[in-house]
There are 2 protein chains.
Amino acid sequence: MKISKTEENYLKAIFSITEKDTPSASTNAISHKMQTSAASVTDMVKRLAKKKLVIHESHKGVHLTKSGNQIATMLVRRHRLWEVFLVEKLNFLWDEVHEIAEELEHIKSDELMERLDNFLGNPKFDPHGDPIPDAEGIFATRQQVVLSELEEGENGLVVGVQESSTPFLKYLNQLGLGLGSEVKVLEKYDYDNSAKILLNKKNEIVITGKVCQNLFLQKK
Amino acid sequence: MKISKTEENYLKAIFSITEKDTPSASTNAISHKMQTSAASVTDMVKRLAKKKLVIHESHKGVHLTKSGNQIATMLVRRHRLWEVFLVEKLNFLWDEVHEIAEELEHIKSDELMERLDNFLGNPKFDPHGDPIPDAEGIFATRQQVVLSELEEGENGLVVGVQESSTPFLKYLNQLGLGLGSEVKVLEKYDYDNSAKILLNKKNEIVITGKVCQNLFLQKK
DNA sequence: TAATAAATTTAGACTAATCTAAAAATTTTT
DNA sequence: AAAAATTTTTAGATTAGTCTAAATTTATTA
């Protein structure tokens, strides 16, 4: 069965919507994520349902079938492996790789991904700290908390970001924060959720509540 | 101006047809190369002409304009750079990489190709010995002859293949012949154009006329 | 619970890329 | 140069993916 690039992108969108809290993705949510009209979504959802990649109850949203989920997971795997390649081997910055990986992920060759995985040393997390599913679709897990959950005096290692928008990543670069940064919480200011932290045992900086809620740390 | 993957593939086909002897590509030649109907070619050629990528005189074939040629050249550059990556870094065999490179070549990012080029050490020839145009579209040249042009007693280094079909490349692998093989012509048999050669100063083997005509050597 | 607002689907149309079958043009052969 | 063969184009249809506008369904609110 042939699956087009567009169909793949819809599967990925449905995957990312249903991944979180919501068990099914609404037409609107999908159209928003895909930057397209609701009518187009209805058309496409019907096509995907005919191919048994999603289950769709009229006016009740869609969710992925097993095979739909499998395809979406492999797209995530490819995307994240290519991001590792772009950052580690071609020296792109972590905020520059998304669009290119978005293209590369559609190249369907298991052999290619197998070899790329080995070439990169079988990484378990991508440059944003997101887990890379293995060839069977299993995601690695890691004990992680958001920065705002740390108490004063606690230490942590930055292992990921909640949000991976370019402005946010650029801002982190400016602050000197990145994957692998060491953080110690010095003070927490409850009234606006900001915090003063010690970065890499050297600089004291103050970061806003928004940043605190978007950074994943591994406690140390 | 947006150019689709399909349009790009037509440009590449026209490029490869007009590269050789013929100054213009016929509808039939294109349809044969693209494995499609002549009617589709006519349609597509009209589209490409409207975009000023080709020049088309009815019943007299097409040829690329300057901008059409530029796009085709960049496709060749991307294709060949990715082939180097697949063979040198991911350890694919040189006869396994064509289809994957065929996909990778459509990813349009100058930044990506610049970085890949550097990562690979700015190679001038791909794993089949074909020249890789630089970012300005200039092809490297090399003093090369086909094996059948060598006289008895002459030495050469295998630097390329005329034909890059999978069966031919597989056959070369079987013979132990590849890029970089050293060859000395021991005897030439005029009646069927076959030859006995000394391979890598070790093995004497006899190769057919067909192989002799498809191997490019650099004289030594 | 009826009215209003929001979400979703249907209807109908458009573009790009493709096809088959038939017509027209060109080239080759006799 | 006329007939035959080949090549190319036209005509009309098809599929995937998209759109806008209108109709319908569901959810919210007064």
Side-chain angles (χ1 to χ4, degrees), chain A residues 1-14 17-18 20-64 68 71-72 75 102-103 105-106 108, chain B residues 1-14 17-18 20-64 68 71-72 75 102-103 105-106 108:
Chain A
M1 182 177 43
K2 256 168 223 153
I3 295 160
S4 73
K5 191 167 154 179
T6 314
E7 288 171 330
E8 285 189 341
N9 284 331
Y10 272 95
L11 292 175
K12 243 187 31 158
I14 296 164
I17 293 166
T18 55
K20 326 196 170 182
D21 34 4
T22 43
S24 90
S26 71
T27 303
N28 244 15
I30 298 170
S31 79
H32 184 256
K33 179 140 268 180
M34 295 293 295
Q35 296 279 64
T36 186
S37 74
S40 301
V41 173
T42 302
D43 285 358
M44 178 54 85
V45 159
K46 277 182 191 160
R47 214 192 320 274
L48 294 174
K50 201 177 287 174
K51 291 186 176 183
K52 311 255 188 209
L53 299 172
V54 303
I55 292 180
H56 180 221
E57 290 178 275
S58 209
H59 289 94
K60 296 202 172 164
V62 293
H63 64 270
L64 298 174
I71 291 168
L75 285 165
E102 204 76 358
E103 295 295 317
E105 73 188 7
H106 295 289
K108 295 179 250 300
Chain B
M1 182 177 45
K2 257 167 222 155
I3 294 160
S4 72
K5 190 167 155 180
T6 314
E7 288 170 331
E8 286 189 342
N9 283 331
Y10 272 95
L11 292 176
K12 243 187 30 158
I14 296 163
I17 292 166
T18 55
K20 327 198 170 180
D21 35 4
T22 43
S24 90
S26 69
T27 303
N28 243 14
I30 299 170
S31 79
H32 183 255
K33 177 141 271 182
M34 294 293 297
Q35 297 281 63
T36 186
S37 74
S40 302
V41 173
T42 301
D43 285 357
M44 178 54 86
V45 160
K46 278 183 191 160
R47 212 193 322 272
L48 294 174
K50 202 176 286 173
K51 291 187 176 183
K52 310 257 188 208
L53 298 172
V54 302
I55 293 181
H56 181 220
E57 290 179 273
S58 208
H59 288 94
K60 293 201 172 163
V62 293
H63 64 270
L64 298 174
I71 291 169
L75 285 166
E102 205 75 0
E103 295 296 316
E105 72 188 8
H106 295 288
K108 295 180 251 301

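Order of the sequence lines fixes the chain letters, A, B, ..., with proteins taken first and strands second; residue numbering starts at 1 for each chain.
Residue A/A13 comes nearest to A/M34 through the heavy atom pair CB-SD, 3.7 Å, listed as atom of the first residue, atom of the second, then distance. The shortest non-hydrogen separation linking B/V54 to B/V45 is CG2-O, 3.9 Å. When every heavy atom of A/I14 is checked against every heavy atom of A/A25, the shortest pair comes out as CG2-CB, 4.3 Å.
Residues A/E102 and A/E105 meet the side-chain proximity criterion, which asks for heavy atoms closer than 4.5 Å. Inter-residue side-chain proximity for A/L75 and A/H106 is flagged as met; some heavy-atom pair is nearer than 4.5 Å.
With hydrogens and angles disregarded, no donor-acceptor distance shorter than 3.5 Å links the side chain of A/T42 to the backbone of A/T27. A donor-acceptor pair under 3.5 Å is absent between the side-chain atoms of B/K51 and the main chain of B/G68, judged by distance alone.
Along DNA chain D, read 5' to 3', the first and last nucleotides having any atom under 4.0 Å from a heavy atom of chain A are D/dA16 to D/dT26.
Atom CG of A/L11 sits about 5.5 Å away from atom CG of A/L53, to the nearest 0.5 Å.
Checked options B/N9, B/N28, B/I17, B/V41; the residue passing with B/K33 is B/I17 (criterion: side-chain contact (heavy atoms from CB on, under 4.5 Å)). Residue B/M44 forms a side-chain contact (heavy atoms from CB on, under 4.5 Å) with just one option from B/V62, B/T6, B/T36, and that option is B/T6.
Between A/A39 and A/M44, the residue anchored nearer the 5' end of DNA chain D, judged by the nucleotide with its closest heavy atom, is A/M44.
Straight-line distance from the CG atom of B/L48 to the C1' atom of C/dA17: 12 Å, rounded to whole Å. Regarding A/D43, its CG atom lies at a distance of 11 Å from the P atom of C/dA11, rounded to whole Å.
Residues of residues 2-9 of chain A that place a heavy atom closer than 4.0 Å to DNA chain D, in numerical order, are A/S4, A/T6, A/E7. Less than 4.0 Å separates DNA chain C from at least one heavy atom of each of the following residues of residues 24-36 of chain B: B/T36.
In this model, the phosphate group of C/dA17 is not approached by any side-chain N or O of B/S40 to a distance below 4.0 Å at OP1 or OP2.
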